Amino acid sequence: MSVVTRFAPSPTGYLHIGGLRTALFSWLTARHNDGKFLLRIEDTDLSRNSDEALQAIIEAFEWVGLNYDGEVIYQSKRFDLYKKYIDQLLEEGKAYKCYMTKEELDTLREEQMARKERPHYDGRYRDFEGTPPEGVDPVIRIKAPQEGVIAFDDGVKGHIEIAAEEVDDFIIARADGTPTYNFVVAIDDALMGLTDVIRGDDHLYNTPKQIVVYNALGFKLPRFYHVAMINNEQGKKLSKRDGATDVMEYKRQGFLPEALLNFLVRLGWSHGDQEIFSLDEMIALFDPKDINKSASSYNLDKLLWLNAHYIKNTPNEKLAELLKDFGVDITDHDKLQMLLDATKERGKTLVELAEQINLILNAPTEYDPKAVKKAFKGNAKAILTDFIAMLQTWPKPLHLPSDYHEVLEKIVEEKEIGFGKIGMPLRVALVGALTGAGVDEMMAIIGMDETIARIEKAVATIA
RNA sequence: GGCCCCUUCAUCUAGCGGUUAGGAUUCAUGGUUUUCAUCCAUGCCACAGGAGUUCGAGUCUCCUAGGGGUCACCA
């Protein structure tokens, strides 16, 4: 049987990284098995839906490159279908109308809690045959087993048994007739032919409820995998306060999707000692049975390390294209290759890379005081002045970093000074700081005229 | 609170009864580099605690502790 998995978000907010990870796991499982990965939108609660949120989710999917098969399925468009099953269950006596009002339910729950009992529906309308109260729109409840256990084998957690008493006759249709989550999920998962349901373990307790539906309707159970949550760096539940939980925020912060995916796939899953996985490798190696049981903590340092790795290994042309979103357009720059070769190993994110590039492309408007103190001292002024003269009278054309390197070697030799004596002041003159790409590279990129202009400007500031 | 799940370096993890408990990130040190970064090398750091089972336990069982999830006419 061919494998079918799905991702089923509810459009109530952006896509967060926990959701993206379970989506990735599902996607990988499908792709690994040449199966199908479906996208379904859980929008049965009409009042909570937001089109904006839906677009955000789809946009995030596009950014990371997780493609889904077939059309997106909207539960809100399938109410007729659900209605059929509700009627069927009613007819077969597997579900029933409950005339308890919300207020009555609330007071029941309060009483139970006062008695330190688990709040639950008491089943008072389960076998009701009298005349229903006036003016109450009933909800529909499904008959859950009253004794024994509901058991299933979870692909990551193992054998799970929940006592039947823990599962109420839960509501499958609200008073207004709309169906509820656990009911429609079971129906859709069955109808869509899901073979493997991979989701967060906050759904573990929904599983017995959904099994009640599967059984009542005679559907075949899929295999369930409940993946532990991702915590923040303090080991607590990931919340908005932890910064970038919105997947698109990672794009804005200069992360590459392949880095984010690589990071996420290693959160709760591993393949021996391997750390770097291309998408193809993930597909080839991923198996949901290797998913970890325990929760994992989000670790920004490792994401940053991966991102730096992927930046280093991305072709310059592609980086130039990506950099456009970060205020740097060097796609037509004649020294594009040189520029990126000189900077791509110095940025952990595209934001940092853009900063590095701007540092070279734009003449410094100020000089770092510490760098000035360290570099513009002694005979630095004289050396820089000599260097300008040397550049102006150099017999060969200067194009490559190696050309400029020759000039540097020459001045070091002639003046009998260390490289630092020219390197440090030159660096500060060119970019205003003591860090960054090689000075020979920088000079080659900005060209001789600009190099001389920057040095002259710096020399003028030295007392 | 009831029920359920989880627990190896700071973090991600390998381990599937016998290992000097391995790798990666972070951190520290050294090398490479005129600087920074990269890269390379080295180092620091872990089986939550306690009982069992066994010749032998990170690995199996139980208990304790800690963490998490869930108990909606939300999904």
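In what follows, chains carry the letters A, B, and so on, assigned in the order in which the sequence lines appear, proteins first and then strands, with residues in each chain numbered from 1. Everything numeric in this text was worked out from a predicted model, so none of it was measured.
Residue-level contact check: A:M100 touches the bases, meaning some heavy atom is under 4.0 Å from a base atom. When heavy atoms are screened at a 4.0 angstrom cut-off, A:T44 is found touching the sugar-phosphate backbone but no base atom. Residue contacts shown for A:G200 are absent, as no nucleic acid heavy atom lies under 4.0 Å away. In this structure, A:A8 reaches neither bases nor backbone, as no heavy-atom distance under 4.0 Å exists between it and the strands shown. Across all strands shown, A:V439 has heavy atoms under 4.0 Å from base atoms, whether or not it also approaches the sugar-phosphate. Here A:T435 lies in heavy-atom contact (under 4.0 Å) with a base. Residue contacts for A:G436: at a heavy-atom cut-off of 4.0 Å it reaches a base atom on one of the strands shown. Looking at heavy-atom distances under 4.0 Å, A:K102 makes contact with a base. If you check every strand for non-hydrogen atoms under 4.0 Å, A:L434 touches a base. If you check every strand for non-hydrogen atoms under 4.0 Å, A:K344 touches nothing. At a threshold of 4.0 angstrom between heavy atoms, the contacts of A:N206 include nucleobase atoms, whether or not backbone atoms are also involved. A:E42 comes within 4.0 angstrom of the backbone, heavy atoms only, and of no base. Across all strands shown, A:T207 has no heavy atoms under 4.0 Å from either base or sugar-phosphate atoms. When heavy atoms are screened at a 4.0 angstrom cut-off, A:A175 is found touching base atoms of the nucleic acid.
With a 4.5 Å cut-off on side-chain heavy atoms, A:W305 and A:E275 count as touching.
Ring orientation note: the planes of A:H271 and A:W269 are close to parallel, at an angle under 30° on the 30°/60° scale. Using a 30° and 60° split on the angle between ring planes, A:F419 and A:H405 fall in the parallel class, below 30°.
In this structure, A:N292 places its CG atom 17 Å from P of B:U59, rounding to the nearest Å. Across the protein-nucleic acid pair, A:L108 atom CG and B:C71 atom P stand 17 Å apart, rounded to whole Å. Residue A:E441 contributes atom CD, which lies 15 Å from atom P of B:A37 at whole-angstrom precision. Between A:K348 atom NZ and B:U25 atom P the separation is 11 Å, expressed in whole Å. Taking atom CG of A:N313 as the reference point, atom P of B:C39 lies 10 Å away to the nearest angstrom. One atom, CE of A:M229, and another, P of B:U11, lie 19 Å apart when rounded to the nearest Å. Look at CG on A:D301: it is 12 Å from P on B:A28, rounded to the nearest Å. Between the P atom of B:U35 and the CG atom of A:L359 lies a distance of 18 Å, rounded to the nearest Å.
As rounded to the nearest Å, B:G50 and B:A65 have P atoms that lie 15 Å from one another. Distance noted for atom P between B:C45 and B:G22: 12 Å (whole Å). B:A21 and B:G43: their P atoms are spaced 15 Å apart (whole Å). Rounded to the nearest Å, the gap between the P atom of B:U20 and that of B:C27 is 32 Å. B:G2 and B:C12 are spaced 34 Å apart, taking the C1' atom of each and rounding to whole Å. For the C1' atoms, the distance from B:G52 to B:C44 is 35 Å, rounded to whole Å. To the nearest whole angstrom, the two P atoms, one in B:G67 and one in B:U8, are 15 Å apart. Rounded to the nearest Å, the gap between the C1' atom of B:U54 and that of B:C60 is 10 Å.
Residue side chain A:E275 reaches the base of B:G23 through a donor-acceptor N/O pair under 3.5 Å, judged by distance alone. Scanning atom types as modelled, one donor and one acceptor separated by under 3.5 angstrom connect the side chain of A:K302 and the base of B:C12. Below the 3.5 angstrom threshold, one finds no donor paired with an acceptor across the side chain of A:Y298 and the base of B:C12. Judged by atom type and distance alone, A:D273 reaches the base of B:G22 through a side-chain donor-acceptor pair under 3.5 Å.
Neither OP1 nor OP2 of B:C5 sits under 4.0 Å from any side-chain N or O of A:S294. The phosphate of B:C12 (OP1 or OP2) has no side-chain N or O of A:R21 nearer than 4.0 angstrom. For B:G69, the OP1/OP2 oxygens have no side-chain nitrogen or oxygen of A:K157 closer than 4.0 Å. Dashed line: the shortest gap from a side-chain N or O of A:R109 to OP1 or OP2 of B:A72 is under 4.0 Å. Phosphate contact (OP1/OP2 of B:C73, side-chain N/O of A:T180, threshold under 4.0 Å): absent.
Using a 3.5 Å distance cut-off with no hydrogens or angles, the side chains of A:H226 and A:D154 do pair a donor with an acceptor.
Classification of A:K83 and A:D80 as a salt-bridged pair fails, no side-chain N sitting under 4.0 Å from a carboxylate O. Of the charged side-chain nitrogens involved, at least one lies within less than 4.0 Å of a carboxylate oxygen, so that A:R124 and A:D122 count as a salt-bridged pair. Salt bridge present: A:E450 and A:R454 bring a charged side-chain N and a carboxylate O closer than 4.0 Å.
Annotation: of the two residues near RNA chain B, A:V156 and A:D290, the 5′-most nearest-nucleotide partner is A:V156. The residue among A:I162 and A:L303 whose nearest nucleotide of RNA chain B lies closer to the 5′ end is A:I162.
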What verdict does the ring-ring contact (aromatic ring centres under 6.0 Å, His included) test give for A:F286 and A:F277, after you've listed the backbone C-alpha separation in whole Å, the side-chain angles of each residue and the deciding distance to 0.1 Å?
CA-CA 10 Å; A:F286 189 82; A:F277 295 87; 9.7 Å; no
As a quick check of understanding, evaluate ring-ring contact (aromatic ring centres under 6.0 Å, His included) for A:F263 and A:Y298, giving each step before the final call.
CA-CA 9 Å; A:F263 172 69; A:Y298 171 92; 5.7 Å; yes
